[in-house]
**Student:** 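My structure is below; once you've seen it, I'll send some questions.
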Amino acid sequence: MNPDPITENLRRVQDRIANAAISAGRGPEDVTLVAVSKTKPAEAVAAALAAGQTVFGENRVQEAAGKFPMLRAKYPLSLHIIGGLQTNKAREAVRIADVIESLDRPKLADALAIAIAKEGRTPVLLIEVNTGSEPQKSGIARDDADGFINECKDRFGSALAGLMCVPPHDEDPRPHFTWLANRAALHGLATVSMGMSADFEIAIACGATWVRVGSAIFGSR
Ligand SMILES: *Cc1c(COP(=O)(O)O)cnc(C)c1O
């Protein structure tokens, strides 16, 4: 029997990650694949879980809450919220997510701190930076990043693990990736989440430790 397309796609992406890491003088185990399952049904996530994938990304808290609690009862998995987060969704995000990659403003930091206290549960946090200064995109402005990172370090301690970005669609991502990796290093943050289906190998060459890959695994949306 042929493996299903999701299994095959996962293998292919994992091979490409390993090769990109080795080419960059790093180990394949230095890069974690976050499989982005937004808009895809729970069956697609279950297929990926059956193929051994354990780390998943979702944009929307409500969609994640509809899919993941049931799967979590059957499989060990890690759920990342990667999309812009409304403050009124902070509590549910803290309840269901292992990682929130999209902390991007003081108001959201306030809401997350309250939610963490109420839920008695602290997800790993990444700060999203709007490296391309795109008005429609979430992410803290570049110029405000250092101050916000320091505030969040004071507030969340070691739960603050790193930085995330989504570069502008129509630009060379390299300067954005390099800037983010440098910023993380400067702040002593180990995790750098960058790179999607179209550019994850470039991101790995620039120092990504997490890549968020959706369509190359689950097909186009
Ligand atoms: C959808 C999404 C991805 C994955 O995008 P693909 O191009 O499908 O790999 C990664 N990161 C974020 C923030 C996303 O919204």
**Student:** Does Lys40 have any salt bridge (Lys or Arg N to Asp or Glu O under 4.0 Å) partners at least two apart in sequence or in another chain, and if so, which?
**Tutor:**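 So Lys40 forms no salt bridge (Lys or Arg N to Asp or Glu O under 4.0 Å) with any residue.
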**Student:** Could you check Leu163 against Arg183 for side chain to side chain contact (heavy atoms under 4.5 Å, CB included), going step by step and ending with a plain yes or no?
**Tutor:** CA-CA 8 Å; Leu163 304 181; Arg183 224 69 213 152; 3.7 Å; yes
**Student:** Do the side chains of Val213 and Ile81 join up, straight or via other hydrophobic residues, at under 4.5 Å, putting them in one cluster?
**Tutor:**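 Linked within one cluster.
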**Student:** Does anything in residues 187-213 form a salt bridge (Lys or Arg N to Asp or Glu O under 4.0 Å)? List the pairs, not counting sequence neighbours.
**Tutor:**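 Pairs touching residues 187-213 that pass the test: Arg16-Glu201.
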**Student:** Using the test salt bridge (Lys or Arg N to Asp or Glu O under 4.0 Å), find all partners of Arg142 that sit at least two apart in sequence or belong to another chain.
**Tutor:**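 Here no residue qualifies.
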**Student:** What distance do Asp146 atom CG and Ile149 atom CD1 have between them, rounded to the nearest 0.5 Å?
**Tutor:**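 CD1 of Ile149 is found 5.5 Å from CG of Asp146.
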**Student:** For Pro5, does its backbone N or O pair with a side-chain atom of Asn9 as donor and acceptor, under 3.5 Å?
**Tutor:**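 Side chain of Asn9 to backbone of Pro5, a donor-acceptor pair under 3.5 Å: yes, one is there.
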**Student:** Restricting to salt bridge (Lys or Arg N to Asp or Glu O under 4.0 Å), what partner residues turn up for Asp30, sequence neighbours left out?
**Tutor:**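 Counting only residues at least two positions away or on another chain, Asp30 forms no salt bridge (Lys or Arg N to Asp or Glu O under 4.0 Å).
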**Student:** If you round to the nearest 0.5 Å, how far is CG of Leu108 from OG1 of Thr87?
**Tutor:**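 One finds 7.0 Å between OG1 of Thr87 and CG of Leu108.
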**Student:** What distance separates Ile202 CD1 from Met194 CE, expressed to the nearest 0.5 Å?
**Tutor:**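 Rounded to the nearest 0.5 Å, the CD1-CE separation comes to 11.0 Å.
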**Student:** Could you walk me through whether Leu125 and Leu112 pass side chain to side chain contact (heavy atoms under 4.5 Å, CB included), step by step?
**Tutor:** CA-CA 10 Å; Leu125 301 171; Leu112 288 171; 4.3 Å; yes
**Student:** Are Val36 and Val61 linked, directly or through intermediate hydrophobic residues, by side-chain heavy-atom contacts shorter than 4.5 Å (ILVMFWY only)?
**Tutor:**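 No, it is not one cluster - the side chains of Val61 and Val36 are not joined through contacts under 4.5 Å.
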**Student:** Do Met70 and Val45 share a hydrophobic cluster (ILVMFWY, side-chain heavy atoms under 4.5 Å, transitive)?
**Tutor:**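 Each belongs to a different hydrophobic cluster.
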**Student:** For residues Val31 and Thr209, determine if any side-chain heavy atom of one lies less than 4.5 Å from a side-chain heavy atom of the other.
**Tutor:**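 Not in contact.
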**Student:** Is there side-chain contact between Val13 and Phe200, with at least one heavy-atom pair below 4.5 Å?
**Tutor:**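 Yes, close enough: below the 4.5 Å cut-off.
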**Student:** Does the Arg26 side chain pair with the main chain of Ile204, one donor and one acceptor, at a distance under 3.5 Å?
**Tutor:**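 Here the side-chain-to-backbone pair exists.
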**Student:** Taking the side chain as every heavy atom from C-beta outward, state whether Leu103 and Leu126 have any pair of such atoms under 4.5 Å apart.
**Tutor:**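 Of all side-chain heavy-atom pairs linking Leu126 with Leu103, none is under 4.5 Å.
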**Student:** With hydrophobic residues grouped by side-chain heavy-atom distances under 4.5 Å, do Leu85 and Val99 end up in a single group?
**Tutor:**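 No; Val99 is not reachable from Leu85 via cluster members.
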**Student:** Between Ile82 and Glu128, is the side chain to side chain contact (heavy atoms under 4.5 Å, CB included) condition met? List the steps.
**Tutor:** CA-CA 9 Å; Ile82 61 172; Glu128 179 177 2; over 6 Å; no
**Student:** Write out all pairs satisfying ring pair (Phe, Tyr, Trp, His ring centres under 6.0 Å) with one or both partners inside residues 107-126, taking only residues at least two apart or from two chains.
**Tutor:**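 Passing the test, one end in residues 107-126: no pairs.
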**Student:** Got a sec, which residues hit ring pair (Phe, Tyr, Trp, His ring centres under 6.0 Å) with Phe56, two or more places apart in sequence or on another chain?
**Tutor:**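 With neighbours one apart ignored, the set is Phe68.
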**Student:** If only atom types and distance count, is the side chain of Gln53 paired as donor or acceptor with the main-chain N or O of Leu33 below 3.5 Å?
**Tutor:**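 Between the backbone of Leu33 and the side chain of Gln53 there is a qualifying donor-acceptor contact (under 3.5 Å).
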**Student:** Quick one, Val192 and Met164 - any side-chain contact, counting heavy atoms below 4.5 Å?
**Tutor:**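 Counting from C-beta outward, Val192 and Met164 never come under 4.5 Å.
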**Student:** Which heavy atom of Ala181 sits nearest to which heavy atom of Cys206, and what is that distance?
**Tutor:**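 Looking at all heavy atoms of both residues, the closest pair is CB-O, 3.4 Å.
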**Student:** Testing the basics here: between Ala184 and Thr191, what is the closest heavy-atom pair and its distance to 0.1 Å?
**Tutor:**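 Minimum heavy-atom separation between Ala184 and Thr191: CB-O, 4.4 Å.
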**Student:** Output every pair passing salt bridge (Lys or Arg N to Asp or Glu O under 4.0 Å) with a member in residues 73-95, not counting sequence neighbours, ordered by first then second residue.
**Tutor:**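 Qualifying pairs, neighbours excluded: Arg91-Glu119, Arg95-Glu119.
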**Student:** Can you list everything that forms a salt bridge (Lys or Arg N to Asp or Glu O under 4.0 Å) with Glu101? Sequence neighbours excluded, please.
**Tutor:**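 Salt bridge (Lys or Arg N to Asp or Glu O under 4.0 Å) check on Glu101 returns nothing, list empty.
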**Student:** Tell me, please, which residues at least two apart from His80 pass ring pair (Phe, Tyr, Trp, His ring centres under 6.0 Å).
**Tutor:**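 If we apply the ring pair (Phe, Tyr, Trp, His ring centres under 6.0 Å) test to His80, skipping adjacent residues, the hits are Trp210.
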**Student:** Go through the steps for Val55 and Thr32 under the test side chain to side chain contact (heavy atoms under 4.5 Å, CB included), then give the verdict.
**Tutor:** CA-CA 8 Å; Val55 184; Thr32 296; 4.2 Å; yes
**Student:** Examine the side chains of Ser215 and Ser197 and answer whether a donor and an acceptor come within less than 3.5 Å of each other.
**Tutor:**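 Yes, because at least one side-chain N or O of Ser215 sits under 3.5 Å from a partner of the opposite role on Ser197.
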**Student:** Could you give all pairs that pass the ring pair (Phe, Tyr, Trp, His ring centres under 6.0 Å) test and reach residues 124-147, with sequence neighbours left out?
**Tutor:**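 Qualifying pairs, neighbours excluded: none.
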**Student:** Enumerate the salt bridge (Lys or Arg N to Asp or Glu O under 4.0 Å) contacts for residues 153-169, please, sequence neighbours excluded, ordered by first and then second residue.
**Tutor:**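 Only Asp110-Arg155 qualify under salt bridge (Lys or Arg N to Asp or Glu O under 4.0 Å).
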**Student:** Would you say the side-chain atoms of Asn130 pair up with the backbone N or O of Ala141, donor to acceptor, closer than 3.5 Å?
**Tutor:**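 Flag not set: sc Asn130 to bb Ala141 has no pair under 3.5 Å.
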**Student:** Kindly state each residue pair satisfying ring pair (Phe, Tyr, Trp, His ring centres under 6.0 Å) with at least one member in residues 131-181, sequence neighbours excluded.
**Tutor:**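 For residues 131-181, and leaving out neighbouring residues, there are no ring pair (Phe, Tyr, Trp, His ring centres under 6.0 Å) pairs at all.
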**Student:** So which heavy atom on Ala21 is nearest to which on Gly27, and how close?
**Tutor:**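 Nearest heavy atoms, Ala21 then Gly27: CB-O, 3.6 Å.
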**Student:** Any side-chain heavy atom of Leu189 sitting closer than 4.5 Å to one from Leu160?
**Tutor:**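 The answer is yes, as the side chains (C-beta and beyond) meet within the 4.5 Å cut-off.
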**Student:** Salt bridge (Lys or Arg N to Asp or Glu O under 4.0 Å) for Lys67 and Glu58? Distances and angles first, verdict last.
**Tutor:** CA-CA 10 Å; Lys67 276 191 251 179; Glu58 284 281 343; 2.6 Å; yes
**Student:** Return the OG to CD1 distance between Ser102 and Ile140, rounded to the nearest 0.5 Å.
**Tutor:**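 Between atom OG of Ser102 and atom CD1 of Ile140 there are 13.0 Å.
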**Student:** Looking at Pro173 and Pro167, what are the two nearest heavy atoms and their distance?
**Tutor:**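 Shortest heavy-atom separation between Pro173 and Pro167 comes out as CB-CG, 4.0 Å.
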**Student:** Does atom CD of Gln62 have more than 12 heavy-atom neighbours from other groups under 6.0 Å away?
**Tutor:**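 Not more than 12 within 6.0 Å, no.
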**Student:** Considering all heavy atoms of both residues, which atom of Ala115 and which atom of Val94 are nearest to each other, and what is their separation?
**Tutor:**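 Smallest heavy-atom distance, with atoms named: CB-CG2, 3.7 Å.
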**Student:** Can you give me the closest heavy-atom contact between Pro76 and Leu49, atom names plus distance?
**Tutor:**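 So the minimum-distance heavy-atom pair works out to O-CD2, 4.3 Å.
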**Student:** Any non-hydrogen side-chain atom of Ser78 less than 4.5 Å from a side-chain atom of Thr54?
**Tutor:**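 Ser78 vs Thr54: side chains apart.
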**Student:** Does any N or O in the side chain of Asn59 come within less than 3.5 Å of the main-chain N or O of Gly83, such that one atom is a donor and the other an acceptor?
**Tutor:**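 Checked: no pair found.
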**Student:** If Ile, Leu, Val, Met, Phe, Trp and Tyr residues are connected whenever their side-chain heavy atoms lie under 4.5 Å apart, and connections chain through other members, are Ile6 and Leu71 in the same group?
**Tutor:**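 Yes; Leu71 is reachable from Ile6 via cluster members.
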**Student:** What I want to find out is whether Asp104 reaches Lys137 closely enough, with some N-O distance under 4.0 Å, to be called a salt bridge.
**Tutor:**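 No, no charged N to carboxylate O under 4.0 Å.
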**Student:** With rounding to the nearest 0.5 angstrom, report the CD1 to CD1 distance, Ile127 to Ile100.
**Tutor:**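 The distance works out to 12.5 Å.
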**Student:** Strictly distance-based, threshold 3.5 Å: is any side-chain N or O of Arg12 a donor or acceptor partner for the main-chain N or O of Ala216?
**Tutor:**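 No, because the side chain of Arg12 does not come within donor-acceptor range (under 3.5 Å) of the backbone of Ala216.
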**Student:** Any chance you could measure Lys107, atom NZ, to Gln86, atom CD, to the nearest 0.5 Å?
**Tutor:**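 Interatomic distance, Lys107 NZ to Gln86 CD, rounded to 0.5 Å: 14.0 Å.
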